[in-house]
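The chains referred to below are lettered A, B, ... by the order of the sequence lines, with proteins before strands, and numbering in each begins at 1.
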Amino acid sequence: AQSVAQPEDQVNVAEGNPLTVKCTYSVSGNPYLFWYVQYPNRGLQFLLKYITGDNLVKGSYGFEAEFNKSQTSFHLKKPSALVSDSALYFCAVIGFSSGSARQLTFGSGTQLTVLP
Amino acid sequence: NAGVMQNPRHLVRRRGQEARLRCSPVKGHSHVYWYRQLPEEGLKFMVYLQKENIIDESGMPKERFSAEFPKEGPSILRIQQVVRGDSAAYFCASSSTGRTGGTGTGELFFGEGSRLTVL
């Protein structure tokens, strides 16, 4: 079975500082990895994805994520946080192996708060 | 608005009543997914449908829950005889491709959710 772990329920960071939201995964086969963001009372918005290629993926709003196969991690990062980045962030994964059908599995989410 | 449209946004039901949640996917998308988000939890997969077919319902409770995606019209998630534990946000997502056999890159477009409260 595939799974995603977001070890931090809450991350606080001061505006202008770098931020990291952690994600580790477990899948069979090659992973497709995603980050989504959810603002209050809204649906999820796609931020970025890793399918193949460069381990560093750049996405929307200045976010990026680094795929680390040996550590099975896909941490979300941003060099300089904005107050408007405050939201709930979800990491998600699909694992592909031998033609198996898989659904997108989400982590439990990390609430990011950027303090002015 | 060309995005995923869900209605109603908020629904209140008493125990034992039926809840029907509707989802119109992005125009041209033929793959629909339903997820449930319980308070303080992440999203849990419920069901994956293509037009007129249920592809994967491994996340659906065995009783009281059903879903359809007819040839014409929106996808419907139906919950019969609701109980308090059904109170949650139900999100619909759509994609242009499926995720079987290694095809598709998995980007889903989400609606803003339907928030069900069972009294």
Exercise. Are B:Leu11 and B:Leu38 in one and the same hydrophobic cluster, where Ile, Leu, Val, Met, Phe, Trp and Tyr link if side-chain heavy atoms are under 4.5 Å apart?
Worked result: no
Exercise. Is the number of heavy atoms from other residues, nucleotides or ligands within 6.0 Å of CZ (B:Arg9) greater than 12?
Worked result: yes
Exercise. How long is the span from the CD atom in A:Gln45 to the CG atom in B:Leu108, to the nearest 0.5 Å?
Worked result: 14.0 Å
Problem set entry | Cluster check B:Tyr48, B:Phe91: I/L/V/M/F/W/Y, side chain < 4.5 angstrom | yes
For this session: Kindly write out the residues that satisfy ring-ring contact (aromatic ring centres under 6.0 Å, His included) with A:Phe67, not counting sequence neighbours, or none if the list is empty.
Result: A:Tyr50
Problem set entry | Portion of A:Asn41 that has a non-hydrogen atom of chain B nearer than 4.5 angstrom | both
Exercise. Which residues in residues 112-119 of chain B have a heavy atom less than 4.5 Å from any heavy atom of chain A?
Worked result: B:Glu112, B:Arg115
Seminar exercise, completed: For residues 54-66 of chain A against chain B, heavy atoms under 4.5 Å, the residues are none
Seminar exercise, completed: To the nearest 0.5 Å, atom OG1 of A:Thr105 lies from atom CZ of B:Phe45 at 9.0 Å
Exercise. So if you build clusters from Ile, Leu, Val, Met, Phe, Trp, Tyr with side-chain heavy-atom gaps below 4.5 Å, do A:Leu76 and A:Val4 land together?
Worked result: yes
Exercise. Should we count CD of B:Gln81 as having more than 12 external heavy atoms under 6.0 Å?
Worked result: no
Exercise. Do other residues, nucleotides or ligands put more than 12 heavy atoms under 6.0 Å from A:Gln10 CD?
Worked result: yes
For this session: Tell me, for B:Gln37 versus chain A, whether the close heavy atoms (under 4.5 Å) come from the side chain, the backbone, both or neither.
Result: side chain
Exercise. What about B:Phe69 and B:Met46, same hydrophobic cluster or not, with Ile/Leu/Val/Met/Phe/Trp/Tyr joined at side-chain heavy-atom distances under 4.5 Å?
Worked result: yes
Exercise. Do any of residues 107-116 of chain A have a heavy atom less than 4.5 Å from a heavy atom of chain B, and if so, which, in residue order?
Worked result: A:Gly107, A:Ser108
Problem set entry | Partner of B:Phe110 by ring-ring contact (aromatic ring centres under 6.0 Å, His included), out of A:Phe46, A:Tyr36, A:Tyr39 | A:Tyr36
Exercise. Out of curiosity, B:Tyr35 OH to A:Leu104 CG, how far, rounded to the nearest 0.5 Å?
Worked result: 4.5 Å
Exercise. Any link between B:Tyr90 and B:Val4 through a network of hydrophobic side chains (Ile, Leu, Val, Met, Phe, Trp, Tyr) touching at under 4.5 Å?
Worked result: no
